[in-house]
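Remarks on the structure that follows.
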Amino acid sequence: MSGVNTTFLGGHATKSGLPEARDRTQIDKIIQEASKGSKFYAFQQRREQRIAEKVAALQIKKTQLSTGYSKAEQETRKWLADAESRRILERTYLHIDMDAFFAAVEVLRRPELATVPMAVGGESMLSTSNYVARTFGVVAAMPGYIARKLCPHLIIIPPDYTAYRAAGAKVHEVLRSYDPNMSSFSLDEASLDITDYLARSSATPEEVTEELRGRVLRASNLTCSAGVGCSRQLAKIGSNVNKPNGQFILPPDPEKILEFLKKQPVKRINGIGKVTAKILEDLLKVVTCADIISQATWIRLLFSEIQSEFLLLSALGMGSAFGDGDGSERKSMSVERTFKKIDALSDMQVVLKKLCKRLAEDLLEEEWAGKTVSIKMKTAAFDTLTRAVTLENPVSTDEEIYKHASKLLSKNKPPDLRLLGVRLSGLTTDAPRYRCLDDFAHEPVERPSCPVCTQSIDAHPDDTLRINEHIDKCLVPQSNLVPQSKKPRRTLDAFFNKSGPL
DNA sequence: GCGGATCAC
DNA sequence: TATGGTGATCCGC
Ligand SMILES: Nc1ccn([C@H]2C[C@H](O)[C@@H](COP(=O)(O)OP(=O)(O)OP(=O)(O)O)O2)c(=O)n1
Ligand SMILES: [Mg+2]
């Protein structure tokens, strides 16, 4: 860390080894100067202070535990050897990650944007940036107006989720032909088990991956990067190695795997973010995955069993738990919005009511009810509070949700707010329970309607597969150069959720 | 079960 | 002028 008083939370990290139009310390300095004095900056400082205290507490714990170290050391080596003996090398996973996804979709419509610095988002927040902008230090989750200070010529494009969804659907279609059970975590990222595909083919993993990326490119006009390895985790880490528009194949060989991981910063592990990385470094000087193994005893002494098992297995490339992404049922549903600071309870109630209405609509769409109502409040100083109540019976209507949410709000009203949110958890399906089967038999099933063409779709309302197919078909013609349609846009953006008026 | 934190995208 | 939204998980009560 060099001269400038740079903060680990404030520094928007560049992605990987990109060439930089500016020096890293220069970038940090500009960001710092742009945010200094803001409420957000003060909030970050407080957070860093808390984390420093947490590290200090762990340091004390470490000195107190030092007597038991040598005994623990033996156990740890045994544990590691045992884990290693269980390594599975027989399956092959492919992780695919689209390059600068939202930005790349925008380039399809406006090819001239390919060569200039560009980001998707707004003045207050960017979702992503293209690779030209990244050389200036402009990255996702950075406010647009700060990005402009780093890169005065930056072009900022407002997001168009409809187009991203259409592009994602095309990609998914290709991927499913390699693994029908493919699980996608988002529109732009997916994990495939290609063991069976490889067994049926005579091609090498390299060739299959090249072919897959070629098919994705032809189907969507978008480039992607891919990683292949014998665990989903390794494949994912690999997908970043030769990004953008590249691929990396890690052979199923324990020595090669450990050699590969040795070079990887712990931050690359899915689940280790800025805070955990900082704690590991400050407390144990752990920076790479190899460091996790060499400090394994301390990690097991200092962290919970769940946490240390996760860290050690990850550092061996044997991380198991990884994106149930697609398959599992949702556990909660929520809506939240940021707005200009408000202080009156009545203003807060107005917002809260709208949020409840919106949540009730979303719940109805998937027929959920739930018995825990939570509200989330963020003060003008960025401090977040949540309050929850669990009810006897599940609720799902906006009136019922609002009744409890507003009670939570008035009981806990902070002096001011910049965000409010409502969440329902403890979900149960809200299938109509008070009618006998006969009613259903005679009732004409109402056809769902397509948010794009507004025609009714010839499918049962529960048949989401068929419905999505229809919507995807409707979306295809819009995805390229066609001017924005007027009506459907709002509806589908709402479907995608995120931002927008309530 | 509650509330704060952390994380991914 | 201005620092997002959704969903999940874990820890310590
Ligand atoms: N904090 C974030 C991170 C990402 N995204 C959105 C925009 C991205 O385009 C998309 C995919 O995220 P990635 O992390 O894969 O980033 P990109 O695909 O944009 O770039 P890369 O080429 O590094 O994968 O998710 C977002 O809205 N907010
Ligand atoms: Mg991507």
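Order of the sequence lines fixes the chain letters, A, B, ..., with proteins taken first and strands second; residue numbering starts at 1 for each chain.
Nearest-nucleotide positions on DNA chain C place A/R418 closer to the 5' end than the other of A/R418 and A/R330.
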Are there any protein N/O atoms within less than 3.5 Å of an N/O atom in nucleotides 11-13 of chain C, and if so, which ones and at what distance?
| unit_1 | atom_1 | unit_2 | atom_2 | d |
| --- | --- | --- | --- | --- |
| C/dC11 | OP1 | A/S304 | OG | 2.2 |

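Regarding contacts with the backbone of B/dC9, a side-chain N or O of A/N270 is found under 4.0 angstrom from either OP1 or OP2. OP1 or OP2 of C/dG5 sits under 4.0 Å from a side-chain N or O of A/T338. Phosphate contact (OP1/OP2 of C/dT3, side-chain N/O of A/K39, threshold under 4.0 Å): absent. Between A/T390 and B/dC2 there is a side-chain N or O to OP1 or OP2 distance below 4.0 Å. Contact annotation: A/T386 side-chain N/O to B/dG4 OP1/OP2 distance is under 4.0 Å. In this model, the phosphate group of B/dA5 is approached by a side-chain N or O of A/R50 to a distance below 4.0 Å at OP1 or OP2. A sub-4.0 Å separation between OP1 or OP2 of C/dG7 and a side-chain N or O of A/S334 is present. The side chain of A/R148 contributes no N or O atom lying less than 4.0 Å from OP1 or OP2 of C/dA2.
Checking B/dT6, C/dT6, C/dT3 against the side-chain heavy atoms of A/K376 singles out C/dT6 as nearest. In this structure, of C/dT3, C/dG5, B/dC9, it is C/dG5 that holds the atom nearest to the side chain of A/E336. Ranking B/dA8, B/dG3, C/dT3 by closeness to the A/K236 side chain, first place goes to B/dA8. Of the candidates C/dA8, B/dT6, C/dT3, the closest approach to any side-chain atom of A/S332 belongs to C/dA8. If you check C/dG4, B/dG1, B/dC9 against the side chain of A/S186, the one that comes closest is B/dC9.
Regarding A/L311, its CG atom lies at a distance of 13 Å from the P atom of C/dC10, rounded to whole Å. With rounding to whole Å, A/R46 atom CZ is found 11 Å from B/dA5 atom P. The nearest whole Å value for the distance from the CD1 atom in A/I272 to the P atom in B/dA8 is 9 Å. Atom C1' of nucleotide C/dT3 and atom NE2 of A/H12 are separated by 7 Å, given to the nearest angstrom. In this structure, A/L419 atom CG and C/dG5 atom P are separated by 6 Å, rounded to whole Å. Rounded to an integer number of Å, the gap from CD of A/E33 to P of C/dT3 is 19 Å.
Here A/E189 pairs with A/K236 in a salt bridge; the nearest charged N to carboxylate O distance falls below 4.0 Å. Taking a cutoff of 4.0 Å between a charged side-chain nitrogen and a carboxylate oxygen, A/D291 and A/K285 do not qualify as a salt bridge. A salt bridge links A/D160 with A/R109: the distance from a Lys NZ or Arg NE/NH1/NH2 to an Asp or Glu carboxylate oxygen falls below 4.0 Å. Ion pairing between a basic and an acidic side chain is recognised when a charged N comes within 4.0 Å of a carboxylate O; A/K378 and A/D383 show no such pairing.
Counting non-hydrogen atoms under 4.0 angstrom, A/E189 reaches the backbone sugars and phosphates but no base. A/R387 comes within contact range of the sugar-phosphate backbone alone, with a heavy-atom separation under 4.0 Å but no base atom that close. Residue A/L126 is classed as having no contact, given no heavy-atom separation below 4.0 Å to the nucleic acid. Note on A/R47: only backbone sugar-phosphate atoms sit closer than 4.0 angstrom, heavy atoms only; bases stay farther off. Using a 4.0 Å heavy-atom distance criterion, A/K371 is classed as a sugar-phosphate-only contact. Among the atoms of the strands shown, only primed sugar atoms or phosphate atoms (P, OP1, OP2) are found under 4.0 Å from some heavy atom of A/M333. Residue-level contact check: A/A140 touches neither bases nor backbone, having no heavy atom under 4.0 Å from any strand. The residue A/I279 sits apart from the nucleic acid: no heavy atom pair falls under 4.0 Å. Nucleic acid contact for A/L391: none, since no nucleic acid atom lies under 4.0 Å from a heavy atom of the residue. Across all strands shown, A/K274 has heavy atoms under 4.0 Å from sugar-phosphate atoms exclusively, and none from any base. Residue contacts shown for A/T276 are limited to sugar-phosphate atoms, with no base heavy atom under 4.0 Å away.
More than 12 heavy atoms of other residues, nucleotides or ligands sit less than 6.0 Å from atom NZ of A/K353. Counting non-hydrogen atoms of other residues, nucleotides and ligands closer than 6.0 Å to CD of A/E173 gives a total of 12 or fewer. Within a 6.0 Å sphere centred on NZ of A/K354, heavy atoms belonging to other residues, nucleotides or ligands number 12 at most.
Both tests do not hold together for A/R46 against A/F43: distance to the six-membered ring centre under 6.0 Å, angle to the ring axis within 45°.
Between A/F310 and A/F303, the distance from one ring center to the other does not fall under 6.0 angstrom.
Listed by chain and residue number, A/F382 satisfy the ring pair (Phe, Tyr, Trp, His ring centres under 6.0 Å) test with A/F40 (two or more places apart in sequence, or in another chain).
Here the separation of C/dG4 from B/dC7, taken at their C1' atoms, is 15 Å to the nearest Å.
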